[in-house]
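Structure, as structure tokens:
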Amino acid sequence: MRKMEADIIVVAAGPSGLAATVQASELGKKVLTFEKNSVCGGAANMGMGVFGLNSRIQRENGQSLDADEAFLKHMNFSHFLIDDTRLVYDFYRKSGSTIDWLQDMGVNFEYNTFTQYVPARARHIIQVELTIHHVLPDGGGRPGPRAASAMTRVLIERAKELGATIMTQTPVYDLIEEDGKIVGVLAKDKDGEEIEARAKAVIVATGGFGDNPEMIKEATGYEWGKDLFSFRIPGNVGDGIKMAWKHGAAKTRTMMELMYQIPDNLNHFVLEGAFRQPVLWVNKLGKRFFPEDCLGVTSYTGNAISMQPGHTCFTIMDSATLKYYKKHGVSNPGVHGADVFDHFDEAAEAAKAEGYSAYFEADTIEELCEKTGIDLEGFKETLEEYNADCELKYDSVFNKERDYMRPVVKGPFYAIQSFLGAYGTLGGIKINYKTEVLNEEFHKIPGLYAVGTDACNIYGDTYIFTMPANTMAFCINTGRIAAENASDYIDSLK
Ligand SMILES: Cc1cc2nc3c(=O)[nH]c(=O)nc-3n(C[C@H](O)[C@H](O)[C@H](O)COP(=O)(O)OP(=O)(O)OC[C@H]3O[C@@H](n4cnc5c(N)ncnc54)[C@H](O)[C@@H]3O)c2cc1C
């Protein structure tokens, strides 16, 4: 058994763990960070950007919200179903300075005014705010998926420069508890050697249980690969949550950071983007179920799909609509890019050659229903109503914007099947605004802190996509907050 010692141990090196590592090191603490994977960064390596309010970049370029307004919007959105409301206010007030902190460290951001499309009639209710600071990727190029891995690199470099020790391929499997206090962890390094590491405070940051289908089923009822095709970060199986629960932490709400996806979406990115348009969307019964021009708020679309039979739906275009999009480009670019229709044929051919199960082409409505399993009678009724509305350019069901009222009449017909997706899970460990872990009596467990998605219970029942890049910011800001409070706690022991 190898013995190690530090002031603060950080369990995991995703964005929350890395932020805690850097912040605690900056405060002069000796930090030891254990990461299960061979690389650090966790889900952040797949992400695009970080939420912030009143950052230096925003002050230079204009911003849409201040922290007070955002806090009140957040409370209205979440209906106060939050473990500690003060944490949200503190997080929002800190979020701008955290962007500055990252920038000063060497993370390059671009703050642009692109935002998800929301129809004019809905903007006062579901406006998507300009809160995201896109990370510029290493090696140049535009911000986009995976660009935030550049932030991981900078955080690791800064942590090492400050003298922190980061051990990869070294999963922590338990906490050490003495006299009701958490005083260290047990881990196993890449050669299988047991480690007993002692510290005055431990910060848990293991990123939830998005790679644990059993825990997901228990928490949500969804079955991965059947009605849920969420992102899975290898190793995010709920270790930190289970360890904290074992040592007395109160259980708090656990849920998916829900949105919608097609199966294996990263390999069918063009098709996914092409079908994320405000065309005709129906459920298995052939019925429309939401105003398609509101699909830009992906967490709401996910919720709407979660209420449909089989938690699934189909997006349908006829050949005239496909031709229109190929000529004019997308209505809703999103992260998939504005040029997806330039590559549509190629992507469709690849999907067919592979036998991809979620993409369909059919010459007739009957054939489409047979291939997709959509109820033919229900779909015919929908088409009668929808196509008549399209002729009038008036959506009598949902008042979708008239530009998007394109009929489905001319074969061949094209469809994609979407399911529930998620960025990962949210919540598990109850914390207060200092990120101290609380027991069932709401008393803190001395020495134990939890941050990031392991402890993220601030959204109520739905992820707040209307203030984008919120989770990554919650992770980084709670990492900093935990480091500051753990540092104070350690100083108070002297
Ligand atoms: C495709 C994708 C795109 C995204 N884009 C964005 C975005 O643009 N903006 C945004 O705000 N959010 C985004 N998110 C969400 C965001 O990335 C996550 O909320 C965030 O990374 C969670 O941070 P975390 O530190 O809590 O956990 P994670 O990033 O998941 O990191 C957890 C770490 O814990 C390690 N670990 C697990 N168990 C152990 C153990 N026992 N011992 C040691 N280490 C352990 C894991 O290996 C991992 O490195 C995206 C997510 C995905 C999947």
Side-chain angles (χ1 to χ4, degrees), residues 8-27 29 31-52 55-57 94-112 132-171 190 203 205-208 210 231-236 266 335 423-424 451-453 468-480 482-483:
I8 297 178
I9 289 172
V10 181
V11 184
S16 50
L18 285 172
T21 303
V22 171
Q23 183 64 74
S25 303
E26 283 183 353
L27 292 168
K29 297 293 177 279
V31 185
L32 181 52
T33 300
F34 294 109
E35 165 56 45
K36 187 185 210 175
N37 262 316
S38 55
V39 290
C40 301
N45 292 337
M46 303 185 72
M48 288 176 69
V50 188
F51 162 103
S55 65
R56 209 158 45 215
I57 310 174
K94 199 176 187 66
S95 64
S97 69
T98 291
I99 298 287
D100 301 346
W101 180 72
L102 290 164
Q103 210 185 10
D104 291 342
M105 228 179 273
V107 181
N108 294 312
F109 288 106
E110 181 181 89
Y111 177 69
N112 61 27
I132 187 164
H133 296 66
H134 289 110
V135 178
L136 286 169
D138 278 335
R142 304 292 311 135
R146 299 194 178 89
S149 56
M151 181 174 71
T152 300
R153 178 188 54 73
V154 172
L155 282 163
I156 295 169
E157 281 169 12
R158 178 75 178 139
K160 291 192 173 159
E161 184 185 295
L162 291 163
T165 304
I166 301 177
M167 292 181 66
T168 54
Q169 291 176 280
T170 308
K190 60 176 184 300
I203 300 173
T206 64
F231 289 109
R232 289 174 68 162
I233 307 304
N236 280 7
L266 293 180
V335 295
Y423 297 106
V451 298
T453 47
N470 212 286
T471 29
M472 191 104 76
F474 178 84
C475 295
I476 296 168
N477 283 282
T478 51
R480 294 187 73 196

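Predicted model only: the values in this text are computed from it and were never measured.
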Margin query: Counting C-beta onward and ignoring hydrogens, is there a side-chain heavy-atom pair between M472 and C475 closer than 4.5 Å?
Written below: no
Which residues pass the side-chain hydrogen bond (donor to acceptor under 3.5 Å, both in side chains) test with [X], not counting sequence neighbours?
X	value
R232	D211
T206	D454
R56	Q103, D104
S55	H133

What pair of heavy atoms forms the shortest contact from [X] to [Y], and how long is it?
X	Y	result
I203	A20	CD1-CB, 4.1 Å
P15	G41	CD-O, 3.4 Å
G207	N236	O-ND2, 3.4 Å
I99	G52	CG1-CA, 4.0 Å

Give the table of side-chain donor-acceptor pairs shorter than 3.5 Å for residues 42-50, with sequence neighbours excluded, one pair per line with atom names and distance.
{"residue": "N45", "atom": "OD1", "partner": "T152", "partner atom": "OG1", "Å": "2.8"}
{"residue": "N45", "atom": "ND2", "partner": "C40", "partner atom": "O", "Å": "2.9"}

Check: Are the charged groups of E157 and K160 less than 4.0 angstrom apart, N to O?
Finding: no
I'd like to check the side chain to side chain contact (heavy atoms under 4.5 Å, CB included) partners of [X]; sequence neighbours left out, ordered by chain and number.
X	result
P143	E110, H134, L136
A19	W101, I476, R480
V107	L102, F109, V135, M151, V154

How long is the straight-line distance from [atom2] of [Y] back to [atom1] of [X], given to the nearest 0.5 Å?
X	Y	atom1	atom2	value
Y111	I132	OH	CD1	10.5 Å
T170	N37	OG1	CG	11.0 Å
L18	R158	CG	CZ	13.5 Å
L27	I8	CG	CD1	7.5 Å
K29	L162	NZ	CG	13.5 Å
N477	S97	CG	OG	7.0 Å

Check: Partners of Y423 by ring pair (Phe, Tyr, Trp, His ring centres under 6.0 Å), sequence neighbours excluded?
Finding: none
Check: Do any pairs count as a side chain to side chain donor-acceptor pair (under 3.5 Å) and have a residue in residues 8-22, sequence neighbours left out, and if so which ones?
Finding: T21-T33
Check: Which pairs, with at least one residue in residues 31-52 and sequence neighbours excluded, count as a salt bridge (charged side-chain N to carboxylate O under 4.0 Å, His left out)?
Finding: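 Found K36-D239.
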Margin query: For D138, give me all partners under salt bridge (Lys or Arg N to Asp or Glu O under 4.0 Å), at least two apart in sequence or on another chain.
Written below: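 Listed in chain order: R153.
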